[in-house]
Structures are given as C-alpha cells and as structure tokens.
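All values derive from a computational prediction rather than experimental measurement.
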Amino acid sequence: MKFHTQLKAKDIFKFSLAYTYSGVQAILTIFMLGVGAYMIVHGIGQPEGQTNIIFGVVVIALFVVINPLMIYVKAKKQAIENPVYKNPTYYTLQDDGIFVELGEESATIEWIRVYKITHFMGLTLLYTGKQQAFVFPDYELGDDREKMLDYMKEHIKEARKKAAQTQADGGDISKYSKASTETEQAETEAETQVEASESEVQENSEGEK
C-alpha cells in the first residue's frame, strides 16, 4: 500500500497543538485554566474583585486564544518557507516497515521503531520517539485509512512480539530495535528531511510558552 502526504499550514498547526497540549503541558494548561476560572468566580461580587477578574481573563485568553494564534502564525510561515513542505512525501507500507521517500532521500522505518500511533483532529500521528512523529492527514489517506491503520497496528504488534520473544530467548534484540550503524546513519539523513520541520514546530511551540 502506497500513499503520499504534503502537509498544509492547518496540518502543521494541529500537529503543534497536539504536541503543545499533551503530557505535562496538558496538565499545566488545565491547571492554569482552573486558576483563571477560579480568579474570575472569586472576583465576582467582591468590592475589589476587578483585578482578580482581569487576571483570570488574561490567563484563560493566553492559553485558549493567544498561544494557539501564535502557533498558527508559525505554522503558516513554515508551510510557506520550509522546503520540506513544498514537495510530497511518499510512504509505502511493507512487511519490514514503512519505506519513506522524500525527493532523492529514502529510508525504511522498521515497525519496531514506532513508539505509538494516535489520532488528533483529523491527523494520524505515527511517533518514532516521544517528540518525533510522521503526520498523516485523514484526507491524504482517503477511504483506505482504516485498512492502512489496521495494517500498521498489526505489523507493529507483530514486531514487538518478535522482539520480546528474541529477548526472552536470550538473543540479540538490537536487530529488531534499531538498524546497523551504517544503515541507521543513512536512514537518519532521510528521516531528518521528513521530521526536522516537525521538530522545529515543537521547538517553536516551546519558545512561545
């Protein structure tokens, strides 16, 4: 099965939101929104509660309006200026992994290297690390989306079972968990072209906070 993606500003924006408002950041955001709501409620009806109300509104606006708006501006700029987004990236689902082609660069991402698969706001995110992911918009996968997702999940599960069995048997798990040094270096060059811009989105998001 083969498909391609060419991310737009809205896709980069959604991916950045998924990263920004996840994990510890999600907890922090919920906490700050709670603080803002508390300040507003606490300030209502109080003789000098206007300051608390203003503070609460500012806090909520920062996380709900201002920060997402800044992220969108960055995403739109990257979609226009970053060469990675000017050409499509081609993916071929194979038994040994996902064959990725971007321009003249190519690499196979082994199934065991997939950290997790999640779905967020119309995007399927295939994580190869805690802060790195391939982004597959639903509209690019089309009607075969479910079929492709089932294929990926099945092969990821099978790769993990093989790796666990190899480890249990006292074998070398390295051949499942990572490529050889030479192969890994070649793959890294190709992966960098695909994932560098995504990491940049993440760094920009951290800078905005």
**Report entry** Hydrophobic cluster (4.5 angstrom, side-chain heavy atoms) - remaining members for Tyr90
**Finding:**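 Result for Tyr90 is none, singleton.
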
Requested in this report: Using a strict 4.0 Å threshold on nitrogen-to-oxygen distance, state whether Lys2 and Glu101 make a salt bridge.
Outcome: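 Looking at Glu101 together with Lys2, the answer is yes, because their closest N to O distance falls below 4.0 Å.
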
Report task. Please list, chain by chain and in numerical order, all residues satisfying side-chain contact (heavy atoms from CB on, under 4.5 Å) with Asp150, sequence neighbours excluded. Result ->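 Listed in chain order: nothing, the list is empty.
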
Looking at every non-hydrogen atom in both residues, tell me the closest pair between [X] and [Y] and how far apart they are.
| X | Y | answer |
| --- | --- | --- |
| Val114 | Arg160 | O-NH2, 3.1 Å |
| Pro88 | Leu102 | O-CD1, 3.9 Å |
| Ala75 | Ala9 | CB-O, 3.7 Å |
| Met121 | Leu17 | SD-CD1, 4.5 Å |
| Glu140 | Thr5 | OE2-CA, 3.7 Å |
| Gly129 | Tyr115 | N-CB, 3.8 Å |

Honestly curious: do [X] and [Y] fall in one hydrophobic cluster under the side-chain, below-4.5 Å linking rule?
| X | Y | result |
| --- | --- | --- |
| Val64 | Val41 | no |
| Leu28 | Val65 | yes |
| Val58 | Leu69 | no |
| Ile30 | Ile27 | no |
| Val57 | Ile60 | yes |

**Report entry** Parallel, tilted or perpendicular: rings of Tyr91 and Phe3 (30°, 60°)
**Finding:**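 Phe3 vs Tyr91 ring planes: parallel.
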
Query - Exam field: side chain Lys116 to backbone Thr128, donor-acceptor pair closer than 3.5 Å - result: no

Requested in this report: Please answer whether the main-chain N or O of Asp95 pairs with a side-chain N or O of Trp111 as donor and acceptor at a distance below 3.5 Å.
Outcome: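 Flag set: sc Trp111 to bb Asp95 pair under 3.5 Å.
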
Hey, are the side chains of [X] and [Y] touching, using non-hydrogen atoms and a 4.5 Å cut-off?
| X | Y | answer |
| --- | --- | --- |
| Ile71 | Lys74 | no |
| Asp138 | His119 | yes |
| Met39 | Val59 | no |
| Ile109 | Leu126 | no |
| Ile98 | Leu93 | yes |

Rounded to the nearest 0.5 Å, what separates atom [atom1] in [X] from atom [atom2] in [Y]?
| X | Y | atom1 | atom2 | answer |
| --- | --- | --- | --- | --- |
| Lys77 | Ile12 | NZ | CD1 | 13.0 Å |
| Phe136 | His4 | CZ | NE2 | 12.5 Å |
| Met152 | His155 | CE | NE2 | 11.0 Å |
| Thr124 | Leu141 | OG1 | CG | 5.5 Å |
| Asn67 | Thr20 | CG | OG1 | 6.5 Å |
| Phe13 | Lys8 | CZ | NZ | 16.0 Å |

If you draw a 6.0 Å radius around [atom1] in [X], do more than 12 non-hydrogen atoms from other residues or ligands fall strictly inside?
| X | atom1 | result |
| --- | --- | --- |
| Lys86 | NZ | yes |
| Tyr139 | OH | yes |
| Phe63 | CZ | yes |
| Gln94 | CD | yes |

Query raised in the report: Does a donor on one side chain sit under 3.5 Å from an acceptor on the other, for Tyr151 and Asp144?
Result: no

